[in-house]
Amino acid sequence: MRLNELLKRLPSEELNRLNQAPIWGSNHKWQDAVLCPDLLRSAAHQLSPLADRLLRYWLRTIGPLPIQEEQLRARAIQKAGLAGAELRAAIRELRMNGLLFAVRKSWGEQLLFMPADCYLAWLRAFNSSDSLEELNDGIPSGTDAGADGCSVSFGDVDRAAVPTPLGRRLVRAYAALQLLGLETTAKGLFPKKTAAGVEAIVALRSTEAFSDLRSMYQEHYPLGFTIALDAASWLGLIVHQDDGEPRWNWSDDNLGRWLTGDPNVREAELLRLFAIRYGFRNSIQAALVSGLLLLKPDKSYPISERIHPLLARWIDGMCACGWASMSAASNGGWTFRWLIDPWAVANDDESRESILVLPDGEVIVPPGASLADRWMLEQIAEWVQDDTVSIYRLTAQSIMAAAERGVTDEQLITSLQRASGGEPLPDELQYAIGHWVSRTGRTAIEQVLLLRCDSKEIADAAAGRDSLAGLLVERLGDQTFVIRPKDEAVVRRELERAGWPASKREETLQTTAPLSASANRKRKPEERRFNVIGAAAPVSFIYDEHALHLYELLTATQQLPDEARTEEAPSDWPAAWTAQLRHYHPSTRKQMIEQALAWGAPLQLRTGGRIVELVPERLDDDVDSWAVAGYLRTGEVYEPVRLLPDMWEEMRLIIPL
Amino acid sequence: MTESRGKPIIVLSDLTILYDERTVDEECIREQLPAFAELVKQAGPLHTYRMTQLALWNAASLGTTSDEVVAALTQSARYNIAENVIRSIKQTMGRYGRLTLERSAGDEEQLLLRGDEAIMAEVAAEPSLKSLTDKHVDSSTLSLHHGRRGSMKQELLRLGYPVIDAAGYRSGETLSVSLADTTRSGIAFKLRYYQERAVDRFFEDSHAGGGSGVIVLPCGAGKTMVGIGVLARLQCATLILTSNLTSVNQWKNELLDKTTIDSESIGEYSSKRKQIRPITIATYNMMATNGEEQEYRHLQLFRERDWGLIIYDEVHMLPAPVFRMTADLQATRRLGLTATLVREDGRERDVFSLIGPKRYELPWKQLEHTGDIAAIHCEEVRVPLFDEPAYWDGNVRARARLAAENPNKTAIVQQLLSRHPGRSALVIGAYIRQLKQIAEELGAPLLTGEVDQEERALLYDSFRRGEYPVLVVSKVANFAVDLPDASVAVQVSGSFGSRQEEAQRIGRLLRPKRDHSGAIFYSLVTEGTMEVDYALKRQRFMLEQGYRYSLTSAVMKEETDYEA
């Protein structure tokens, strides 16, 4: 789950509480700070040692994936270096500060998670590695690379031309989808023609990175189309409504926002969406994908021939999306390079690049042109090619098609001039546009209802009646009127009142009167536009194993079952047990350790003159002796031990604050 | 994508270069580009170049390295250059000079294709070349029959392997001819600098496919002089093919005026005369004419004499039978001349592969800038349709004629000509009926295909002397007409959307004027009709040469009072 999805579901009181959490200071809102690496570093310093320890463990091993509380507890002692009570305290602190969240499944099972984009922000805050080789070598040996291993051929990738960045292809695809329409068949599926049209534009090279994805409509839709729809849904561009009539609609607001943003930022957002939705399949892959995202743009990263298949697949996927390149190094091996900045931020000082409209109708679109300008061109020009720049051409066909959809020549010229940075269009082209637009709409075919009267007198009388006159759109000849289909019932009623009840409608149309010139109105396309407010969770087209958005979100004050245990020491504990280090009889020591294990408390021991902390894991109880197995914790050192009762002098139980 | 705002070039992955003249060109890349790229067009502020194989091999032949090309591009590129572009440049240039075609010492009928072992292994592996070669002589040599010379070169070129053709050309029958120092009228003569350069480029034999090729120069730039320059350098019997009899006469006149050749050495091969002489000038029509007993019997002219050079004037008009014949003439030097290598049938590539690659081209605007052709102003004048109901009643063909022969145009012609008193003007059209009417209204002579050569020559002379300030001409005046002092042209109708015709007609005005004034080209277009669509297409070539059309509307005030 990403932060924006979380925000839609958080109650306003919870949001307010998070905003006031002290670790974020008074100058920043939680939802902004939690995505800002600098502020996260600062906040981390304010966490308690326990929370800090859990956070670091989480980032290292759990990452953006959810985990059941019990699973976490089972790992806590061995892996996280936290006793049970410490874990509870740490979880609570992280939840209270908006760093971890919890959901409850319908059958009661609860999951803890860190929003995926927050996870990435944390990695940016603490990551120090800037080496692809290290990332590759850091993959645990024996990691499953899939049944078929990996057959990526970077030689082929290197030799091929770099594809256009996927965001730009999606602009074209969504423009085509808008023209094709969002209507579905009786089975609720998009028509094959729609799927094929969009697929051809997306043109996503087959790569193992995406072929592993489980499409919800695998038998019906090709992969490129599926990914385009999935992205559109998760970007909020299309929304599914089911208020009796299931249908898809465009969200004008979201589409407008997406198109008008900084194109570099939009491309980076799309890359991160892909990483989160398709890359965070398991913790190892999430670490790999995240590690790639942390590599710097515009820097070349060498890597040897021995690339782990998991990493190779994902790099191949990024290359297929036009976001990265992999080229052969002169001394063997490969060189990876981001072609976009995965963390691009909007630069308000820089104006967007303008398009260039040439006198021969060609339009040159630089890479920095806004998505909105590309969208506009998709509506009015023919796409020629995508390369470093995109090239379109204004033709008679493309302009006339736009005019058919109701665009005027003035709108066309204004849009092109605005996108050109205010440069006036070449005169030849302005004239051509005016000429081509004038050729459209000179005739139109409309479906109308006709009211026929059997005499001119009746027709005159009908036209003279106040109750009818406004309903008669146009008179054709002496005896016939055009009426609107929606007015049929009212017209019938008034005709009946007037004494001329209309007979049943005739299906065939036979008229001697010609349609008047005013019927030659340009037909505007039927539009279904909705501004969706407070939409439900996006519909997925790619199966999401975790699907956290389906579960009930718990606020931090809704304690998890384990958390419900009081953080105060059990009332039957002697105060001395927790107050200070003391010497105890072995039987008492055993009792204290049993209590520590039951409650999840660590212990403080004095042994050999030094004070250490022990996180007990189990009590090995033989007939005539016993020992405690656990971990000694000294700063960052955490080592397993097995202690006999006489191996320490003094002890106390620790209650985590 | 790293972007360098303000840098002038954008390099695309298909080796196209877009040069933006609005930017500051600190590295002067514009001057460097022609060394390794061909100018394709210059519409508005954007000039399109293409790093063709030939252009890159040209650069390699002159000693430019691929690293230098890449460095020049990188310094001026607005965005990162894709790795595959750099690889392509290096690979293409790296192949230059590695293959040669030579004569076999022991066998006149055999040629040897030689290269280093690595490239010969690549070549030998190409399936399409196997049927062209006879045998492997050794690991660096293949032999082939000399008759396959043209096919082998074509196929190697198609596969991306430049071959230095050192097998030589037939020298042909020797002819003593040189350029004259003065013309017959006593004016000092020498080739202009770009004509000299074009001749030099034709002879760069170390070049891939050297010794043959096409020269592209704007109308009025003196392509005939380039042909004569090549002929004078080769000193050999030459066959010249051109588009019509007027051009035949023009060639003959220029040869006599600018060289030391005598008239007896020049023959005309036409419907009227069948003179086969050391320099023979024929028309394409003649070559493509079928005889009663034999198909294309006049094509044997190609073998009538030991030609050392064949010149194809207006090569864009090359008819199919002549194409085929040319494929067998690879041992004879071939020179194509044209202003507009644009064929509506798209067979430009055939011209290159059969005549030879483009060896030299000079943009129209560059010659205008240096004053070697006249500056020209193009204006489209929109004329209201005379009879709208009749237009909508007709079918497509009828509408095209009604729009073209719009009677409202006649008065506009008068009005436009009245703006330029004292200047020689042409009125050009496609429909004789319309032209007759206009000629009558103007009191001007009419030149059509029905006018015989002698009368035509007289009319031209009268026009040159200023006796007739206006000449109304049909399509016959499109090509190969020498009218040095025409400075105004009004096009009243044309052949639908032919870009070539538009360019050729404008070309009638491009010869530098004695008074250094510019020229004006008016194109009358009937508003709201299909003529507008044709005009948009016709103008495209000129737009791509960097020319613009200003647009004006003719307003019909009263019946006899018109205003443009």
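Residue numbers start from 1 in every chain, and the chains themselves are labelled A, B, ... in the order their sequence lines are given, proteins ahead of strands.
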Measure distances from A43(B) to the heavy atoms of chain A and classify the residue's part below 4.5 Å as side chain, backbone, both or neither.
both

Is R337(A) salt-bridged to E83(B), cutoff N-O under 4.0 Å?
no

Show your reasoning for whether side chain to side chain donor-acceptor pair (under 3.5 Å) applies to E21(B) and Q42(B).
CA-CA 10 Å; E21(B) 67 176 25; Q42(B) 52 178 91; 5.6 Å; no

Under a 4.0 Å threshold between the charged nitrogen and the carboxylate oxygen, would D393(B) count as salt-bridged to R399(B)?
no

Using non-hydrogen atoms only, which part of E267(A) is less than 4.5 Å away from chain B: side chain, backbone, both, or neither?
neither

Which bit of Q385(A) is near chain B, if near means a heavy-atom gap under 4.5 Å: side chain, backbone, both or neither?
side chain

Okay, P297(A) and chain B: the region with an atom under 4.5 Å from a heavy atom over there is neither

Salt bridge between R169(A) and D386(A), side-chain N to carboxylate O under 4.0 Å?
no

Which bit of L536(B) is near chain A, if near means a heavy-atom gap under 4.5 Å: side chain, backbone, both or neither?
side chain

The ring pair (Phe, Tyr, Trp, His ring centres under 6.0 Å) partners of W436(A) (sequence neighbours excluded) come to none

For R548(B), is it the side chain, the backbone, both, or neither that has a heavy atom closer than 4.5 Å to a heavy atom of chain A?
both

Contact class of V11(B) relative to chain A, heavy atoms under 4.5 angstrom:
backbone

Under 4.0 Å between a Lys/Arg side-chain N and an Asp/Glu carboxylate O for D373(A) and R352(A)?
no

In terms of ring plane angle, is the pair F274(A) and W323(A) parallel, tilted or perpendicular, where the classes change at 30° and 60°?
perpendicular

Before accepting this row, confirm whether a basic side-chain N of the pair D25(B)/K7(B) lies closer than 4.0 Å to the acidic partner's carboxylate O.
no

Heavy-atom closest pair (R95(B) atom, L159(B) atom, distance to 0.1 Å) is NH1-O, 3.6 Å

For residues 389-402 of chain A, give me every residue with a non-hydrogen atom less than 4.5 Å from any non-hydrogen atom of chain B.
V389(A), I391(A), R393(A)

If you take all heavy atoms of E379(B) and T552(B), which pair is closest and at what distance?
OE2-OG1, 2.9 Å

Contact winner vs chain A - D20(B), N84(B), T16(B), V85(B), heavy-atom pairs under 4.5 Å
N84(B)

Heavy-atom distance under 4.5 Å to chain A: side chain of S88(B), backbone, both or neither?
neither

Classify the angle between the aromatic ring planes of F541(B) and W364(B) as parallel (below 30°), tilted (30 to 60°) or perpendicular (above 60°).
perpendicular

Can you tell me which of E362(A), Q430(A), E428(A) forms the most heavy-atom pairs within a distance under 4.5 Å of chain B?
E428(A)

Turns out that what part of L429(A) lies under 4.5 Å from chain B's heavy atoms comes down to neither

Less than 3.5 Å apart, any donor N or O on the side chain of T65(B) or D67(B) sitting next to an acceptor on the other?
no

Could you tell me which portion of L18(B) (side chain, backbone, both or neither) has an atom closer than 4.5 angstrom to a non-hydrogen atom of chain A?
side chain

